Amino acid sequence: MLKKRAENVFSPVLSRFHELDIKYGKGCYLYDHANTPYLDFGSGIAVTSTGHCHPAIVEAVQKQAGELIHPCIAVGNTDVVIECAEKIVSLFHPDSYSVFFEQSGAGAVEAALKLAKFITKKHHILAFEGGFHGRSMGALSVTTSKRAYRDHIGPMLDGVSFFPFPNLYRSSDPAISEPSVESYILKLKERSVIHSGLAAVIIEPILGEGGYVPVPIEFLKSVSLLCKEHGVLLIVDEIQSGIGRTGRWFQFQKANIVPDIVVLAKGLGSGMPIAACVGKTELMKQWGKGSHGGTYGGNPVACAAASATIDVITNQLPNITNLSLFVSNKFAALENHPYVGDIRIEGLMIGIEFVKNKQTKEPYPEIVSDLLQQALAKRLIILSCGVYSNVIRLAPPLIISQEELDKGLTLLLEIINDYH
Ligand SMILES: Cc1ncc(COP(=O)(O)O)c(C=O)c1O
């Protein structure tokens, strides 16, 4: 019904997983115009961690919208915006961080790159192959997860180099034919890719669009150590993995490292457009006044939503480990499935990689696009990701109950097992 109208007015450049007619959302479900519920394991691409229209978020947004929508942070301070920043930096305790608000993940990445360049007075950046940091020109210059994002719009930012993402299942580098944590760390050191000429290293602690692949903890520690040794700033992109998605506030905390800059978006605002570039206070103090800014950053309504989101996730965080364990147990038998190459579960960030052949590991994107459609036919929304589009990505709301989780996983297992 809405598809035709959408086609008439939307730019066809948008690539979409589904074209559902959606009327409203509540909890873990989206509903169409006939009130048909769809169990949503995509959460608006890992955004609505509190579920759709969580009462606490709706109340906070409605209250703030009735009071003040946009004074502009350049004009004055508001309690709700400061409170939101206070809550964000409290998640980084005991280290001291300051916040620069943005509206999108890409915006936060731009801010982080600019901050790093401004402070170090250097412009070289190291990023990782298969990474995704956003679609604006700076963010895109450190993004390689899909060729289509970069085709025909170069030149990219000058001075960006790449190292293979430390994927233990498959290596993108012929020189690392047997991928292991040790081999990646060895090559990182041998090639001296982290050196004093760099302004920053930017890394996703779990590859998001690139396939839901966690960085091995020892590798993350090595990167952090090398950055410290060479005076290079470490930017950790927690846009998809942060705000409780992995059962911790941030995935970098698993490695016990202290990044210089962390970028946040997605799950931070429960769907309200808010993002943050969070930098060590000592660095933020060196960022020249007026050298960065924006009209909408620190919007009170978005900040009210983010504040309420942090409260809701604070309550739910202790439950994520158990829910994650439930997923692992449920998926254990999938290891033997002929087309399942790898299963990666960190909290409720779940990736299942499909291959045509377990020995050759030839990617199987066709099965993934088919599974997406079959799941939708059974009213389950799932997403895909991966450099080869061969990974099923599940990012259910963090407030999900075990029963709802079980329902979706059972449905998914049924359709995956039909492929035997
Ligand atoms: C890790 C990561 N960084 C950056 C971005 C860009 O965020 P946005 O789409 O809000 O610009 C994304 C979006 O998917 C992401 O997953």
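Model, not experiment: these values are computed from the prediction. Atoms within each ligand, like the ligands themselves, are counted from 1 in listed order.
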Asks: Looking at Glu346 and Arg245, is there a salt bridge between them, counting it only when a charged N and a carboxylate O are closer than 4.0 Å?
Replies: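 Not counted as a salt bridge, because no side-chain N and carboxylate O are separated by less than 4.0 Å.
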Asks: Checking Lys26 against Tyr31: charged group under 6.0 Å from the ring centre and within 45 degrees of the axis?
Replies: no
Asks: Do Ser270 and Thr309 get their side chains close enough for a donor-acceptor pair, meaning under 3.5 Å?
Replies: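 The answer is yes; a qualifying pair exists.
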Asks: Tell me whether the rings of Phe252 and Phe250 are parallel (<30°), tilted (30 to 60°) or perpendicular (>60°).
Replies: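 Parallel, since the angle between the ring planes stays under 30°.
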Asks: Note down each nitrogen or oxygen pair, ligand 1 side and protein side, whose separation is under 3.5 Å; give only atom names and the distance to 0.1 Å.
Replies:
{"from": "ligand 1", "atom 1": "3 (N)", "to": "Phe132", "atom 2": "O", "distance (Å)": "3.3"}
{"from": "ligand 1", "atom 1": "3 (N)", "to": "Asp237", "atom 2": "OD1", "distance (Å)": "3.3"}
{"from": "ligand 1", "atom 1": "3 (N)", "to": "Asp237", "atom 2": "OD2", "distance (Å)": "2.7"}
{"from": "ligand 1", "atom 1": "10 (O)", "to": "Gly105", "atom 2": "N", "distance (Å)": "2.8"}
{"from": "ligand 1", "atom 1": "11 (O)", "to": "Gly105", "atom 2": "N", "distance (Å)": "3.4"}
{"from": "ligand 1", "atom 1": "11 (O)", "to": "Ala106", "atom 2": "N", "distance (Å)": "2.8"}
{"from": "ligand 1", "atom 1": "14 (O)", "to": "Glu209", "atom 2": "OE2", "distance (Å)": "3.4"}
{"from": "ligand 1", "atom 1": "14 (O)", "to": "Lys266", "atom 2": "NZ", "distance (Å)": "3.2"}
{"from": "ligand 1", "atom 1": "16 (O)", "to": "Gln240", "atom 2": "NE2", "distance (Å)": "2.7"}

Asks: Within this structure, what is the CE-OG1 distance for the pair Met156 and Thr143, rounded to the nearest 0.5 Å?
Replies: 9.0 Å
Asks: With no hydrogens and no angle check, just 3.5 Å: does a side-chain donor-acceptor pair link Tyr388 and Glu353?
Replies: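 Short answer, no.
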